2 protein chains.
Amino acid sequence: MATAAGVSYQTVSRVINGHPSVRPSTREQVLAAIDELGFRRNATALALASGRRRAVTVLTSNTTHHGYASILQGVEEAARTASYAVGIGVLESAEDTAVAAGVQRAADAGGGIIVIAYDPAGVRALAAVPAGLPVVGVVETPASPPGGDRPWVWADDREAAYQATRHLLDLGHETVHYVAIPSGTRRTSARTSGWRQALREAGAPEPRPVQSSWGPAGGHAAGRKLAEDRSVTAILCGNDDLALGVLRALHETGRAVPGEVSVAGFDDAPHSAFLTPSLTTVRLDFAGLGRAAFALLHGVLEESAPVAPHPVSVPELVVRESSGPPPPDA
Amino acid sequence: MATAAGVSYQTVSRVINGHPSVRPSTREQVLAAIDELGFRRNATALALASGRRRAVTVLTSNTTHHGYASILQGVEEAARTASYAVGIGVLESAEDTAVAAGVQRAADAGGGIIVIAYDPAGVRALAAVPAGLPVVGVVETPASPPGGDRPWVWADDREAAYQATRHLLDLGHETVHYVAIPSGTRRTSARTSGWRQALREAGAPEPRPVQSSWGPAGGHAAGRKLAEDRSVTAILCGNDDLALGVLRALHETGRAVPGEVSVAGFDDAPHSAFLTPSLTTVRLDFAGLGRAAFALLHGVLEESAPVAPHPVSVPELVVRESSGPPPPDA
DNA sequence: GCGCCTTGTGTGACCGGTCACATTCATGCC
DNA sequence: GGCATGAATGTGACCGGTCACACAAGGCGC
């Protein structure tokens, strides 16, 4: 474009990049030509020449889970505002080769990487990102995970679990059972430890957490098991999908919610408010988390970018119909 | 890398691209060097030089809806297999400027574009893609929409709606009311017309569809309205989220499902099987749709790629608890 | 034994930008 | 008036590859 329309060639570059020493009249000429020809600078060439890619790749094991999808949406929103392209890589499994392949792909894409490190695949991927690459992890627990020294953002899952458990205990339940999502690390998950802390503080017995999966099917299985135990009056679930399965299992076994058993979830998925009974849960701002992750990464990539101390979104307990006092005879 | 390790420079390129005339011994040398140095060809440089980007950008108005997220996951899966990078662009709204900006971003990314054109924003985006750019639309209705001549894939929504409506009519309902998702086009949506066709064939009265939104809140509002009308005994919803809201509204107004009113959804979202009552719905293979979209785009981008006549996934009716015969006195 | 075709490899230009440096020109100061 | 100074612009190299050639060596036919 340059030469033909305006007068020079490098000057175009200067105009685009807002270089100060360009005569106003020249600038306008170039601008006019740009406008007329509908010129857009080639992102690929720019990336090659400058070495920077203005792109971020989100690495995750799944795009359909509510939390993950919301984080992705948050990242995209922030990236769009900053004129960054957003790429996505799905980790096929937690196997080393699959994880390595995923990281490779993200690295090949150039730009920064955001890893959703809530589950085993994500945690391993975060750890597998070669040092030196700009990366931010969205983690459950901040205390140096395997991919330790990397910057991260998090929602305070521990606090959230604590709040939900407290809520149930305050209603008068003797203790609260916990159906856990798969943990990303070998160590106790933040959610589990928040739950445990609340129990300890209340001097309540600590039942063994029921390990489950991510989806409602897992919750259903766990719920069937817990339903057998008549002493169970309160169940906290690692996420709302799990809670849905538990609710269903309780229904099938004829246990009333919240009459006999109270159930609380985690995440406040969009459908949770409309279940019957509607689900008591803890709202987590995943989209905000995604935005924060991008902001942090942006700061890593460009020192000029705002490096706001990443705002830990405060979880908010949402009390609905699925929780209530324990039955009088319990 | 080249020169240092092996012997030449261009030869490396030949080896990588599997050019036939390279002496086996040379090839092995180069291969060894590549392996040793952990060399990976720079995707950016490749894109610049070759003009092709081996990437696909998915343009959508939302990443969190079940169907959309599943399509994205399907695209990613197929793209991963073909060593394509996957980008994502979210359309902020259906406003012309927002749509144009989204399309620009996708175009700037290079490579191909897949537009999820189920809603107004998506439909407009598909239409706004400049001719000549490789694009595939995931559409609701194939018959030349505004972005007419562009290749597309679809699930047979019409047939799906027809099946669901038939199912309810076969149970003995006099007619079936319909809660509609926002249509992408001004014309009647495929789902609506499938529903209508079933009614006509059965000689059933055709109530006016209730226009709603995408989420459960919209379904809830629609459900409240329909619940007032005691003659309503069967409701088909444009998607499972809507159905969830309807279910909730019916519960709130004391109408039994399926005792008094039957409800059917659309999509078979993961939670639908676990609702109480579990939801009768039509399963659509969104992930498969995403894979098909990519395959088609791949064919457009590389003539060598398999151009399988895109497999229209057949919708499958899943009958669960939420549908049953109408009450005897209706 | 010579020309010719085929095979393997190297060279130079180019993709569309950025960067470091050279150049031109007007200005201000002594 | 001569000269350093800074603003405005142009030039050449380069980012890391691909592509269209040129070119050397070996095998074949006559």
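Just so it is clear, the structure is predicted and the values come from calculations on it, not from any experiment. Values reported hereafter were calculated over all heavy atoms of this structure, with side chains retained and with hydrogens, waters and symmetry mates removed. Just so we're on the same page: letters track the sequence lines, and every chain starts at 1.
Side-chain contact check for Q73(B) and T63(A): at least one donor-acceptor pair (N or O, by modelled atom type) lies under 3.5 Å.
Put simply, R14(B) has no side-chain N or O that comes within less than 4.0 Å of OP1 or OP2 on dT7(C). At the phosphate of dG10(D), OP1 or OP2 sits under 4.0 Å from a side-chain N or O atom of T11(A). OP1 or OP2 of dT9(C) lies within a sub-4.0 Å distance of a side-chain N or O belonging to T26(B).
At a threshold of 4.0 angstrom between heavy atoms, the contacts of R52(B) are confined to the sugar-phosphate backbone, with no base atom among them.
One atom, CD of Q10(A), and another, P of dC19(C), lie 9 Å apart when rounded to the nearest Å. Rounded to an integer number of Å, the gap from H19(A) NE2 to dA7(D) P is 9 Å. One interatomic measurement links the two molecules: CZ of R23(A) to P of dT24(C), which rounds to 16 Å at whole-angstrom precision.
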Can I get a per-line list of side-chain donor-acceptor pairs under 3.5 Å for residues 14-24 of chain A, giving both atom names and the distance, sequence neighbours left out?
| unit_1 | atom_1 | unit_2 | atom_2 | d |
| --- | --- | --- | --- | --- |
| N17(A) | OD1 | R41(A) | NH2 | 3.1 |
| N17(A) | ND2 | S13(A) | O | 3.0 |
| N17(A) | ND2 | S13(A) | OG | 3.4 |
| H19(A) | NE2 | S21(A) | OG | 3.1 |

Which pairs, protein N/O on one side and nucleotides 14-17 of chain D N/O on the other, fall under 3.5 Å?
| unit_1 | atom_1 | unit_2 | atom_2 | d |
| --- | --- | --- | --- | --- |
| dC15(D) | O2 | A49(A) | N | 3.4 |
| dG17(D) | OP1 | N42(B) | N | 3.3 |

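Shown here for A79(B) and V56(B), the closest heavy-atom pair between the two residues is CB-CG1, 4.2 Å.
Two rings, from W214(A) and Y68(A), have their centers less than 6.0 Å apart.
Here the CD1 atom belonging to I88(A) is positioned 4.5 Å from the CG atom belonging to L72(A), to the nearest 0.5 angstrom.
The shortest distance between side-chain heavy atoms of T44(B) and R53(A) falls below 4.5 Å.
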